[in-house]
Amino acid sequence: MTLLLTFIGGTAGAAHADPRVNTFERPARGSAYDLSQWAQDGWSAPWEQGMSTRSWIDGYNFHHTGGQSLRVFYPKGKIGPADSGAQAPLRLTPGREYYLSYWVRFSGDFSWGTTEFAGKVGIGLAGGKSCSGGQVCDGYNGFSSRMIWRSGGKAAIYYYHMGHEGQFGDFVDLKDASGHLLYWPRGKWVKVVQRLKVNTVTGSNANPDGEIDIWYNGVQAATIRNLRFVRNSDLVDRAYFSSFHGGDRPTFAPTNDSYIWYDDLKVSTNRAEICELASGGCHTRTLQAEDYSAVNGVTTKPSSDTGGSRTVTGIDSSDWIAFQNVAIPKAGRYLVEYRVASPNGNGRISLDINEGATPLGNVTVPNTGGFTSYRTISREVQLPAGTHQFGLYAVTGGFDINWWKLTQLS
């Protein structure tokens, strides 16, 4: 299930807002993720390019958490957002400072281009009229800041601000703590966090105190200061999904069909709500189902799942397994995942804490293709901090479970 927590602030001096999160778990796998699907998950945009034709909910191949992710298609020989990738300016409550976090994975044979190499990666931050596309940013036509790839997959941040040096925006290559250039890897998940702070304005003068920070896999990779974005009251007001090949010439086009997967998108005005930036990252814990501390009505058997040892089986309606002393370090949103197998389509798991005192909701177990065919399903829950006993209760049985997992989202 994908969650939207409504913003209660965002302008300078306002209280910090809860984060907006999208784990792409709600839609049916194999479906397009167009603006109507974004809207069902609490996000809106006035227009889109490619979302309805080149985005797809992948519940079969790759995902960072849960069982699904968003896959975007970059066709061979195509450039520009009309024919490559996808774009949608996702609205945010205006705020002077925002953090944006997501996970990204390039296909194993991703093509950076033909003889020229450049393209936009995923989601950025923008405001006002989102100055871009070779425009001169005059302080009244907004600003934009997006991740890009360059030759060989070199990773960089590409931004439009007042006084950018050339016809197009400026860029800064990402570097690790030792000063080495960073590259987008093929076939691996990468964690990206961007912070953008809009400059202050005195009269109609833009003060040079705007800022951009980028973190790559939790390590600061770019620090850009003394920026002037605006002369007016424009603030960050969109998470700008903008990803395509190009460049303005066919030489930027990919030489083969290529794909990028996105997962665990988060936007917040509060750094503390971006657990990817916390020491140690986002808390996660996997519990093998057979390691229960108490049980009613089930048994175990050797698991046929990849990486499995034993599976809890024989689960009938009203059976349950319980797990004591599960520590939750911080109250907040968590993704709970279940690794299940079932030849049926009507199983249902209910999760609770402290012997049923706090129910956390149900999730349906789909027909996975049989008791030897496993699939990860998930839902989001709100958990209090502390050490708890968790209970997994079969509202309707007829499934096996190999493991379950908790991952902090905010």
- Item | Residue pair V298, W320: steps toward the side chain to side chain contact (heavy atoms under 4.5 Å, CB included) verdict | CA-CA 8 Å; V298 304; W320 53 265; over 6 Å; no
- Tested for ring-ring contact (aromatic ring centres under 6.0 Å, His included) against W149, the lone hit among F117, Y183, F110, F252 is F110
- Mind checking whether V201 and V230 have side chains closer than 4.5 Å, heavy atoms only? yes
- Query: Between S373 and G369, which heavy-atom pair has the shortest distance, and what is it?
  - Reply: CB-C, 4.1 Å
- Message: Ignoring hydrogens, what is the shortest heavy-atom contact between A327 and R285? Give both atom names and the distance.
- Response: N-NH1, 3.9 Å
- Side-chain contact, heavy-atom cut-off 4.5 Å: P81 with S242? no
- Query: Using a distance-only test with no angle check, is there a side-chain donor-acceptor pair under 3.5 angstrom linking Q288 and W403?
  - Reply: no
- Non-hydrogen side-chain atoms of L35 and W47 separated by less than 4.5 Å: no
- Task: Could you pull out the closest heavy-atom pair between N207 and N199, with the gap in Å?
- Result: O-CB, 3.0 Å
- Query: Could you give the distance from CZ (R310) to NZ (K301), rounded to the nearest 0.5 Å?
  - Reply: 10.0 Å
- Examine Y158 together with H164 and report whether their ring centres are nearer than 6.0 Å. no
- Query: Is it true that the side chains of D234 and N232 contain a donor and an acceptor less than 3.5 Å apart?
  - Reply: yes
- Query: Between L360 and L383, is any pair of side-chain heavy atoms under 4.5 Å apart?
  - Reply: yes
- Message: Could you check whether Y393 and S318, counting side-chain N and O atoms only, form a donor-acceptor pair closer than 3.5 Å?
- Response: yes
- Task: Drop me the distance from F229's CZ to H161's NE2, to the nearest 0.5 angstrom.
- Result: 7.5 Å
- Whether S101 side chain and V193 backbone form a donor-acceptor pair below 3.5 Å: no
- Query: Is there a side chain to side chain contact (heavy atoms under 4.5 Å, CB included) between K175 and L181 once you walk through the steps?
  - Reply: CA-CA 4 Å; K175 297 181 180 180; L181 292 170; 3.9 Å; yes
- Item | Any side-chain donor near an acceptor of the partner, E380 and T23, under 3.5 Å | yes
- Does NZ or CZ of R71 lie under 6.0 Å from the centre of the six-membered ring of F62, at an angle within 45° of the ring axis? no
- Note on the structure: Which of E25, K405, E337, Q68 passes side chain to side chain donor-acceptor pair (under 3.5 Å) with S378? It is E25
- Item | Distance, nearest 0.5 Å, that separates CZ of F390 from CG of D352 | 9.0 Å
- Item | S350 and N362: side chain donor to acceptor below 3.5 Å | yes
- Message: Ignoring hydrogens and geometry beyond distance, is a side-chain donor-acceptor pair present between T313 and D400 at under 3.5 Å?
- Response: yes
- Heavy-atom check, side chain of P27 versus side chain of D41, under 4.5 Å: yes
- Item | Charged N-O contact under 4.0 Å between E97 and R195 | yes
- Query: Side chains of L70 and S55: does their closest heavy-atom pair fall under 4.5 Å?
  - Reply: yes
- Message: Closer than 3.5 angstrom, by distance alone: can the side chain of E48 be matched with the main-chain N or O of G50 as a donor-acceptor pair?
- Response: yes
- Message: Between D213 and R225, does any NZ, NE, NH1 or NH2 come within less than 4.0 Å of an OD or OE carboxylate oxygen?
- Response: yes
- Exercise: identify the closest heavy-atom pair between P250 and I79: N-CD1, 4.0 Å
- Task: Could you tell me whether a side-chain N or O of N354 sits under 3.5 Å from a main-chain N or O of A357, the two making a donor and an acceptor?
- Result: no
- Note on the structure: Result for ring-ring contact (aromatic ring centres under 6.0 Å, His included) between F106 and one of W189, Y262, W184 points to W184
- Message: Is it true that Q194 and R146 share a donor-acceptor pair across their side chains at a distance under 3.5 Å?
- Response: no
- Task: Ignoring hydrogens and angles, tell me if any N or O in the side chain of K266 forms a donor-acceptor pair with the backbone of L409 under 3.5 Å.
- Result: yes
- Message: Using a 3.5 Å distance criterion without hydrogens, assess whether the side chain of R105 forms a donor-acceptor pair with backbone atoms of G187.
- Response: yes
- Would you say K129 has more than 12 foreign heavy atoms packed within less than 6.0 Å of its NZ? no
- Sole residue of W261, Y33, Y259 in ring-ring contact (aromatic ring centres under 6.0 Å, His included) with F73: Y259
- Item | Check: S309 main-chain N/O paired with S303 side-chain donor or acceptor under 3.5 Å | no
- Note on the structure: dist L100:CG -> R20:CZ (nearest 0.5 Å) comes out at 11.5 Å
- Message: Side chains of V365 and I349, heavy atoms from C-beta outward: is any pair under 4.5 Å?
- Response: yes
- Item | Any donor-acceptor N/O pair, R228 side chain to T200 backbone, under 3.5 Å | no
- Calculate, to the nearest 0.5 Å, the distance between atoms CE and CH2 belonging to M51 and W38 respectively. 5.0 Å
- So with a 6.0 Å cut-off around NZ of K154, is the heavy-atom count from everything else above 12? yes
- Item | Test item: side-chain donor near acceptor, T255 and S111, under 3.5 Å | yes
- Task: Specify the closest pair of heavy atoms between G95 and L235, including all atoms of both residues, with the distance to one decimal.
- Result: O-CB, 3.4 Å
- Message: For K191, is the NZ atom crowded, meaning more than 12 foreign heavy atoms sit under 6.0 Å from it?
- Response: yes
- Task: Using the six-membered ring wherever Trp is involved, compare the ring planes of W103 and H64 and label them parallel, tilted or perpendicular (cut-offs 30° and 60°).
- Result: parallel
- Run the numbers on R54 and Q49 for side-chain hydrogen bond (donor to acceptor under 3.5 Å, both in side chains), then give the verdict. CA-CA 9 Å; R54 293 187 294 273; Q49 290 179 293; over 6 Å; no
- Task: For the pair D319 (side chain) and D316 (backbone), establish whether a donor and an acceptor sit closer than 3.5 Å, ignoring hydrogens and angles.
- Result: yes
- Message: Using the rule given for side chain to side chain contact (heavy atoms under 4.5 Å, CB included), can you reason through F399 versus I377, listing the C-alpha separation, both sets of side-chain angles and the distance that settles it, and then say yes or no?
- Response: CA-CA 13 Å; F399 58 89; I377 60 173; over 6 Å; no
- For S268 and N270, run side-chain hydrogen bond (donor to acceptor under 3.5 Å, both in side chains): C-alpha distance rounded to whole Å, both residues' side-chain angles, the deciding distance at 0.1 Å, then the answer. CA-CA 5 Å; S268 179; N270 184 2; 5.6 Å; no
- Keeping the roles fixed (side chain from D305, backbone from Y374), state whether a donor-acceptor pair exists under 3.5 Å. no
- Message: Is there a side chain to side chain contact (heavy atoms under 4.5 Å, CB included) between V104 and Y102? Walk through the geometry before answering.
- Response: CA-CA 7 Å; V104 58; Y102 60 94; 4.0 Å; yes
- Task: Would you please classify the geometry between the W404 ring and the Y338 ring as parallel, tilted or perpendicular, with 30° and 60° separating the classes?
- Result: parallel
- Can you find a pair of side-chain heavy atoms, one from I260 and one from S243, that are under 4.5 Å apart? yes
- Give a yes or no on whether the backbone of T65 and the side-chain of H63 come within a donor-acceptor separation of less than 3.5 Å. no
- Task: List the atom of Q408, the atom of C282, and the distance in Å for their closest heavy-atom pair.
- Result: O-CB, 3.4 Å
